Amino acid sequence: MRKSIFVVASIAALALTGPAAAQQPMIVKFSHVVADNTPKGQAAIRFKELAEKYTNGKVKVEVYPNSQLFGDAKEMEAVALGDVQFIAPSLSKFDKFTKQIQVFDLPFLFNDIAAVDRFQAGKAGQDLLRSMESKNFLGLAYWHNGMKQISANKPLLKPEDAKGLKFRIQASDILAAQFQALNATPQKLAFSEVYQALQVGTVDGQENTWSNIFSQKFYEVQKDITESDHGVIDYMVVVNAKWWNALPKDLQDAMKKAMDEATKVNNDVAGKLNDEAKQKIAASGTSKIHQLTPEQRKQWVAAMKPVWAKFEGAIGKDLIDAAVASNESKTN
Ligand code: LMR
C-alpha cells in the first residue's frame with residue numbers, strides 16, 4: 001500500500017514539468033498532538049503563515065493539530081518515511097533516539113522557563129539540536145510550553161500522597177523512574193489517550209502543563225492539581241535531515257526565517273497561555289489547585305532528585321552541570 005502511494009506520487013511529480021510544475025506549490029505537512037489554543041498550536045499556525053509568505057507561495061504548509069494525522073510514536077516514523085515534514089514532539093519523546101536530550105526530564109532541574117531558555121540557547125543546548133542527525137532527525141528550534149504540574153483525584157501535597165497511584169507518563173524512562181521513586185506506578189500512554197484513561201480510571205493521575213491540562217480537559221476528570229513546577233515540557237521542532245538538506249537554498253532560507261519568527265511567537269505567548277489556562281481551570285471550580293509550602297516542596301525534591309544519579313552516566317555529567325548552571329548564569 002505504502003509502495004503504491006510512493007509510486008503514484010513519483011509519477012505525479014514526473015508528470016509536473018514546464019509551467020504547471022512552476023505553479024505547483026510544494027506541500028509541507030506539520031503534524032502535532034496538541035490543540036490550536038496552546039503555545040505549540042499557535043506557533044505552528046504562525047509558521048504556516050510566514051513560510052507561505054516568505055516562499056512567495058512556493059510552499060504550502062498544512063498543519064494537522066490534535067494527533068489528527070499522526071499520534072506520538074507514529075509522527076517520528078512519519079518524518080523518517082517522509083510522510084510528514086515538520087513535527088514538534090515534547091523533548092521527553094526522543095528517549096528512544098538519544099539519552100542526552102533526556103536531561104530535560106530530570107525532576108527539579110530547572111527553576112523556571114527562563115533557565116530552560118538559557119540552557120537551550122547555550123552551546124550544550126544548541127549541540128543537542130544536531131544530536132540525532134545520524135538518525136536523520138534535525139532539530140531546527142526549541143519551542144517552550146511550560147513547567148509541569150501534577151494531578152490526581154486526591155490532594156498531592158506530600159510525596160507519600162502519590163504512593164500506590166498509577167500516573168500517565170510520556171514515553172521516557174526518566175519519567176518512569178521519577179514516579180517509581182514516589183512508589184507510584186508509571187504508565188506510558190500516547191497524549192491522545194490520556195483524557196479517556198483518566199476518565200475511566202485506567203490511570204489515577206498525570207503530569208502536564210496548564211495549557212495542556214486545560215485544552216485537553218484533563219481538569220474535568222482530575223479533582224486536585226498541585227502547582228509543583230517539578231519539570232518542564234518543551235519541544236524540539238524536527239525535520240527529516242536528508243529532506244531539509246536537499247531543499248533549494250531559497251526555500252530553506254525562507255522556511256528557516258519563518259521558523260525563527262514562529263519560535264519567537266511561541267516563546268512570547270507560552271507563559272501567557274499557561275497563566276490563562278490556570279485561571280480558567282481555577283474559575284471552572286471542577287478541580288482544586290494546591291500550592292506547596294516551602295517545606296512540602298523540599299520533600300518532593302528529596303523524593304524525586306535521586307533519579308538524577310541513575311541517569312547521570314547515560315546523559316553525561318557535563319550536560320547536567322550545564323543545565324544546572326543555567327539556573328544562575330546567562331552564559332553557560
Ligand atoms: C504529552 O504527551 O503529555 C505532551 O508532551 C504533549 C505535548 O506535545 O505537549
Side-chain angles (χ1 to χ4, degrees), residues 30-45 47 63-76 78-79 84 86-97 101-102 104-107 110 113 116 137 139 141-152 166-176 178-179 186-199 202-219 221-222 225 228-238 262-263 266-267 269-271 273-274 277-278 281:
F30 193 140
S31 170
H32 67 81
V33 301
V34 296
D36 282 337
N37 61 337
T38 58
K40 178 162 63 178
Q42 293 290 297
I45 292 170
F47 172 70
V63 179
Y64 297 92
N66 266 324
S67 310
Q68 256 169 33
L69 192 60
F70 296 107
D72 281 336
K74 289 275 179 240
E75 65 179 12
M76 309 264 188
V79 166
V84 63
F86 286 82
I87 56 172
S90 131
L91 296 166
S92 311
K93 291 174 189 169
F94 294 106
D95 193 18
K96 66 178 182 191
F97 301 106
I101 294 180
Q102 295 317 105
F104 289 99
D105 277 344
L106 293 175
F110 297 106
I113 288 293
V116 177
F137 291 118
Y142 289 106
W143 284 359
H144 295 319
N145 184 338
M147 302 305 280
K148 284 188 287 191
Q149 321 304 338
I150 189 168
S151 72
K166 197 184 264 189
F167 287 87
R168 177 271 171 170
I169 57 164
Q170 304 178 71
S172 151
D173 289 346
I174 293 187
L175 300 182
Q178 173 194 277
F179 280 102
Q187 166 101 37
K188 291 179 182 172
L189 269 184
F191 188 56
S192 58
E193 292 166 25
V194 182
Y195 178 85
Q196 206 190 357
L198 291 169
Q199 190 184 36
T202 317
V203 293
D204 304 300
Q206 63 84 46
E207 53 168 13
N208 228 306
T209 60
W210 291 116
S211 68
N212 279 343
I213 295 171
F214 177 71
S215 58
Q216 299 295 322
K217 302 193 184 346
F218 298 162
Y219 69 103
V221 286
Q222 294 280 267
I225 308 173
S228 50
D229 288 340
H230 63 282
V232 62
I233 290 190
D234 257 26
Y235 308 108
M236 192 186 285
V237 183
V238 163
T263 299
N266 180 91
N267 296 348
V269 299
L273 288 178
N274 275 298
K278 180 182 158 189
I281 292 169

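Whatever order the structure lists them in is the order used to number ligands and atoms, beginning at 1. These numbers come from a predicted model, not from an experiment.
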Using a strict cut-off of 4.0 Å, indicate which atoms of ligand 1 neighbour a heavy atom of N208.
1 (C), 3 (O)
Strictly under 6.0 Å, is that where the ring centroids of Y142 and Y235 end up?
no
Identify whether the distance between the nearest side-chain nitrogen and carboxylate oxygen of K40 and D234 falls below 4.0 Å.
no
Numbered atoms of ligand 1 (with element) below 4.0 Å of Q170, judged on heavy atoms:
1 (C), 2 (O), 3 (O), 4 (C), 5 (O)
Backbone or side chain, does any N or O of K40 fall under 3.5 Å from an N or O of ligand 1?
yes
With heavy atoms and a 4.0 Å threshold, my read on which part of E193 contacts ligand 1 is neither
Nearest non-hydrogen contact to atom 3 (O) of ligand 1 from the set E75, Q216, R168, K148 belongs to R168
Q196, CD: over 12 other non-hydrogen atoms inside 6.0 angstrom:
no
Decide whether an N or O pair under 3.5 Å exists between E207 and ligand 1.
no
Could you say whether the N/O atoms of N212 and ligand 1 ever approach to under 3.5 Å?
yes
4.5 Å side-chain heavy-atom contact, V116 and F104
yes
Tell me whether ligand 1 is touched by K93 - counting only heavy atoms on the residue side and a distance under 4.0 Å.
yes
Over 12 foreign heavy atoms within 6.0 Å of NZ, K188
yes
Assess the side chains of S90 and Q170: does a donor N or O sit below 3.5 Å from an acceptor N or O?
yes
Heavy-atom distance to atom 9 (O) of ligand 1: which of Y235, F191, W143 wins?
Y235
Under the criterion side-chain hydrogen bond (donor to acceptor under 3.5 Å, both in side chains), I'd like the reasoning laid out for S215 against N37: C-alpha separation, chi angles, the key distance, then a yes or no.
CA-CA 7 Å; S215 58; N37 61 337; 4.5 Å; no
Short list, please: which atoms of ligand 1 are under 4.0 Å from a heavy atom of S90?
5 (O)
Hey, does Q206 sit under 4.0 Å from ligand 1 if you only count heavy atoms?
no
E193 side chain near L198 side chain, heavy-atom distance below 4.5 Å:
no
